[in-house]
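Worksheet: the structure to be examined is printed underneath.
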Amino acid sequence: MPSQNNLSSGHLISWEGWTDSEIESLLDFSVYVKKNRVYFSGNMQGRTLAMLFQKTSTRTRVSFEAGMTEMGGHAIYLDWMTSNFQLSDIEFEAEYLSRNVSIIMARLKKHEDLLSLQKGSRVPVINGCCNLYHPCQSLADMLTIRIDRNTIKGSTLCYVGVHNNVVNSLIEITSALGVHLVLVTPMINENAKIERVIKKALDKKTLTWETDLRKAISGCEYVYTDTWIDMEFFNDPGYQAEKAKRIELMMPYQINLELLKNSKVKIMHDMPIHPGYEISREMVSDHRSIIFQQAENRLDAQKAIILRLIGNS
Ligand code: CP
């Protein structure tokens, strides 16, 4: 792919291939984009983003599509099942697609399929969440902390829940930005733990694990939780036994009023929320919750990513 920007990687599949200073610079740029939304109103004029979805979405679809509209461009929604991606070779379909659009965002079930799409594409590819990573979410998460406390380096974040794709991207981005991440993850999704990602964070001393949730939270400024069941399995009849098992194991790790009664920790969640499971309903709108600011920041983070990858910022 001819590089249209000066980044080490022309894509955002995971944070691998991005240097720490590129990630830091992208975060600074996201802050700038948020504070100066009007500056970028014409930057995507005449450009199209293709958004390919194999899984459900609210925030990823809305933020990318609204982001392109705000920047004067256009976004096409492509459903995997009603496009010929489901019938054909992903690389060939991707090459065709990339001859029509300036940039592609894809939410695919399998990371390997995303790599095939990247291989076939002549334009930048953004991972809109696969089984292993959710980099766009992690940038919005760091943007939320950065705006909340003015600086990012040295902040302390506790993630409680299942070790999943969101966790991998959080480990990557926190190690790049000097954020201390404490994981309280009694359960790990199948094949979700990635040694490369963990090794870098351990080398940089940004990652620790804790089994005592109260202890973990007492040392952190932010607590972050996520669904215990991945979106594609949530209503799958074949997954109900595993779902029941997870709920039983994870219920002691719910974010609720009793857990946070003497705490000033701020509450984060990447949404969609399952009230009564990973978080009790009242904590979503608790005065310590920054969940909706975090979700809103997806828009600014997405715009910054698009602008950087297209090299038009
Ligand atoms: N957090 C997130 O990616 O939301 P959606 O699944 O709704 O896109």
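Just so you know, ligand 1 is whichever comes first in the structure, and atom 1 is the first atom listed for that ligand. Reckoned from all heavy atoms, side chains included, excluding hydrogens, waters and symmetry mates.
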Atom 6 (O) of ligand 1 has as its nearest protein heavy atom Arg107 NH1, 2.9 Å
for atom 7 (O) of ligand 1, nearest protein heavy atom and its distance come out as Thr58 N, 2.7 Å
Heavy-atom contact under 4.0 Å between Lys55 and ligand 1? no
Just by distance, no angles: are the side chains of Asp226 and Asn164 close enough, under 3.5 Å, to form a donor-acceptor pair? yes
Quick one: does Pro272 get an N or O within less than 3.5 Å of an N or O on ligand 1?
-> no
Please test Phe40 against Phe29 for ring pair (Phe, Tyr, Trp, His ring centres under 6.0 Å), starting from the C-alpha separation and ending with a verdict.
CA-CA 12 Å; Phe40 300 95; Phe29 184 53; 5.7 Å; yes
Could you tell me if His163 and Asn168 have a donor-acceptor pair between their side chains, going purely by distance under 3.5 Å?
yes
Q. Closer than 4.0 angstrom: is that true for some heavy atom of Arg61 and an atom of ligand 1?
A. no
Decide yes or no for Thr174 and His180: does some side-chain heavy atom of the first lie under 4.5 Å from some side-chain heavy atom of the second? no
For Asp270, the atoms of ligand 1 under 4.0 Å from one of its heavy atoms are 1 (N)
Looking only at protein heavy atoms, what sits closest to atom 2 (C) of ligand 1 is Arg298 NH1, 3.3 Å
One finds that the ligand 1 atoms under 4.0 Å from a non-hydrogen atom of His134 are 2 (C), 3 (O)
Considering both backbone and side-chain atoms of Ser57, is one of its nitrogen or oxygen atoms within less than 3.5 Å of a nitrogen or oxygen in ligand 1? yes
**Message:** Which label fits Phe234 and His274: parallel for a plane angle under 30°, tilted from 30 to 60°, or perpendicular past 60°?
**Reply:** parallel
Inset, instruction - Evaluate the criterion side chain to side chain contact (heavy atoms under 4.5 Å, CB included) for residue pair Arg146 and Thr151; output intermediate values, then yes/no. - result: CA-CA 5 Å; Arg146 164 75 186 273; Thr151 54; 5.5 Å; no
_Intermediate values then yes/no, side chain to side chain contact (heavy atoms under 4.5 Å, CB included), Tyr224 and Asp270_ = CA-CA 8 Å; Tyr224 186 151; Asp270 55 342; 3.2 Å; yes
Atom 4 (O) of ligand 1: closest protein heavy atom, distance to 0.1 Å, is Arg59 NE, 3.0 Å
